[in-house]
Protein chains: 2
Amino acid sequence: MTRTHEKVSAPAGEGHARHTRESAAAGVEQALKLLDGRWKLVILFHLFGGRVLRFSDLERAIPAVSQKMLAQQLRQMERDGIVRRTVHQQVPPKVEYGLTAWGQALCPALDALLTWAALRDNPTAAAAESVGASPVRTSAVADAEPP
Amino acid sequence: MTRTHEKVSAPAGEGHARHTRESAAAGVEQALKLLDGRWKLVILFHLFGGRVLRFSDLERAIPAVSQKMLAQQLRQMERDGIVRRTVHQQVPPKVEYGLTAWGQALCPALDALLTWAALRDNPTAAAAESVGASPVRTSAVADAEPP
DNA sequence: CAGCATCCTACGGGATACTG
DNA sequence: CAGTATCCCGTAGGATGCTG
């Protein structure tokens with residue numbers, strides 16, 4: 001990823017199930033490209049669970065990010081259909097960000113990655129390998145900080 | 001990702017289950033960093049399924065990659081414990097690459113990403129959301145090109 | 001408040017050439 | 001065969017400043 005490169009030119013003929021090694025790699029690359037960006041994941045995890053935050057909330061939640069970057073990455077995710085942007089026509093301006101259903105659906109996939117990472121030292125391999133064996137709770141994030 | 005940056009400084013105190021929004025994001029970032037690199041995924045998918053290939057095999061399988069890049073990315077994945085490198089002491093040199101168990105374990109996770117990507121237009125949402133509901137076959141790649 | 005616009009830099013990675 | 005070494009460029013993304 002990293003590069004805009006592409007050139008992958010996927011066959012784009014399959015429904016979704018059958019992949020050659022190349023098309024599978026290309027597919028995953030495509031998917032990862034949507035998540036590429038220094039802040040996308042942090043934003044994502046702050047929005048998981050149906051949370052809706054204003055721009056300034058996100059700024060506060062992620063102090064290290066610059067306005068430019070925050071805006072940019074939010075815009076990209078909006079274009080990609082991951083984030084829903086709601087503008088409340090009023091002064092002072094108020095813009096809220098939340099996840100689309102598809103965006104929410106990312107959670108289990110990221111969960112799988114987390115699980116995989118945890119597997120490195122944790123040789124619960126055999127059992128844990130079937131990612132969604134135990135009910136995938138679409139959470140991955142413990143609800144710390146109760147309101 | 002993209003950048004070497006880091007600065008995430010994960011708490012590194014949890015077993016593997018409980019995450020704050022930040023630590024979860026950091027965890028996924030860590031995981032994705034291991035996959036970052038223009039050729040890692042293609043290599044990975046060529047090695048999935050217990051396949052063992054020589055350097056030249058990979059060169060042939062991935063014509064677009066340069067020797068430098070192929071070597072570099074293989075080295076990185078080796079350092080990360082994803083790929084196993086076997087040197088056969090002989091002339092001419094012969095080096096084989098295969099996945100470690102942990103490397104293999106990446107398959108379901110990538111599968112989850114593929115599934116998610118497929119979900120974009122395919123609103124089989126409700127059912128498909130539980131990633132591993134149907135038996136995860138640790139394949140993701142249809143065995144095309146029979147020997 | 002929620003942003004664009006601009007400038008600048010560091011790093012990923014391509015091309016090419018050389019070796020044990 | 002299986003790499004290393006060198007050079008060079010494009011782009012992500014940080015800093016900073018201006019607006020509806």
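Below, chains carry the letters A, B, ... as their sequence lines are ordered, and counting in each starts from 1.
Residue-level contact check: A/Gln76 touches neither bases nor backbone, having no heavy atom under 4.0 Å from any strand. B/Ser56 comes within 4.0 angstrom of sugar-phosphate atoms only, judged by non-hydrogen atoms across all strands, and of no base. Note on A/Glu96: nothing from the nucleic acid sits closer than 4.0 angstrom, heavy atoms only.
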If you look only at distance, which donor and acceptor atoms sit under 3.5 Å apart when one is on a side chain in residues 69-84 of chain B and the other is two or more places apart or in another chain?
unit_1: B/Gln73; atom_1: OE1; unit_2: B/Trp39; atom_2: N; d: 3.1
unit_1: B/Gln73; atom_1: OE1; unit_2: B/Lys40; atom_2: N; d: 3.3
unit_1: B/Gln76; atom_1: OE1; unit_2: B/Lys40; atom_2: NZ; d: 3.0

Less than 3.5 Å apart, which donor and acceptor atoms pair up between the side chains of residues 87-97 of chain B and the rest of the protein, not counting sequence neighbours?
unit_1: B/His88; atom_1: NE2; unit_2: B/Glu96; atom_2: OE1; d: 3.0
unit_1: B/Tyr97; atom_1: OH; unit_2: B/Arg85; atom_2: NE; d: 3.1

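No side-chain heavy atom of B/Leu34 sits under 4.5 Å from any side-chain heavy atom of B/Leu106.
Rounded to whole Å, atom P of D/dT4 lies 10 Å from atom CD of B/Gln72. Atom C1' of nucleotide D/dC1 and atom CD of B/Gln90 are separated by 10 Å, given to the nearest angstrom. Summarising the geometry, the separation between CG on A/Leu58 and C1' on C/dC1 is reported as 13 Å, rounded to the nearest angstrom. The separation between B/Trp39 atom CH2 and C/dG12 atom C1' is 13 Å, rounded to whole Å. One can place CD1 of A/Ile62 at 14 Å from P of D/dG13, the figure rounded to the nearest angstrom. Between the CG atom of A/Leu70 and the C1' atom of D/dG14 there is a distance of 14 Å, rounded to whole Å. Taking atom CE on B/Met69 and atom P on C/dA17, their separation rounds to 17 Å, with Å as the unit. Distance, A/Glu59 CD to C/dC1 C1': 9 Å, rounded to whole Å.
The stretch residues 54-70 of chain B participates, sequence neighbours left out, in these salt bridge (Lys or Arg N to Asp or Glu O under 4.0 Å) pairs: B/Asp57-B/Arg60.
Each end of the helix from C/dC1-D/dG20 to C/dG20-D/dC1 yields a helix axis from five base pairs, and these two axes differ in direction by 50° (to the nearest 10 degrees).
Once rounded to the nearest 0.5 Å, the distance linking NE2 of B/His46 with CG of B/Leu99 reads 12.0 Å. To the nearest 0.5 Å, the span separating CG on B/Asp36 from CG on A/Leu32 amounts to 8.5 Å. Annotation: the span from B/Gln30 atom CD to A/Leu114 atom CG amounts to 10.5 Å, rounded to 0.5 Å.
Comparing D/dC1, D/dG14, C/dG14 by their nearest atom to the side chain of A/Arg38 picks out D/dG14.
With hydrogens and angles disregarded, a donor-acceptor distance shorter than 3.5 Å links the side chain of B/Trp116 to the backbone of A/Trp102. In terms of modelled atom types and a separation under 3.5 Å, the side chain of B/Ser23 and the main chain of B/His19 share no donor-acceptor contact.
Ranked by how close their nearest DNA chain D nucleotide is to the 5' end, A/Pro93 and A/Gln73 are led by A/Gln73.
Residue A/Arg54 has no polar side-chain atom (N or O) positioned under 4.0 Å from OP1 or OP2 of C/dC1.
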Enumerate the protein-to-nucleotides 3-5 of chain C contacts in which both atoms are nitrogen or oxygen and the separation is below 3.5 Å.
unit_1: C/dG3; atom_1: OP1; unit_2: A/Arg85; atom_2: NH2; d: 2.6
unit_1: C/dG3; atom_1: OP2; unit_2: A/Tyr97; atom_2: OH; d: 2.4
unit_1: C/dG3; atom_1: N7; unit_2: A/Gln67; atom_2: OE1; d: 3.3
unit_1: C/dG3; atom_1: O6; unit_2: A/Gln67; atom_2: OE1; d: 3.2
unit_1: C/dC4; atom_1: OP1; unit_2: A/Arg75; atom_2: NH2; d: 3.1
unit_1: C/dC4; atom_1: OP2; unit_2: A/Arg75; atom_2: NE; d: 3.1
unit_1: C/dC4; atom_1: OP2; unit_2: A/Arg75; atom_2: NH2; d: 2.8

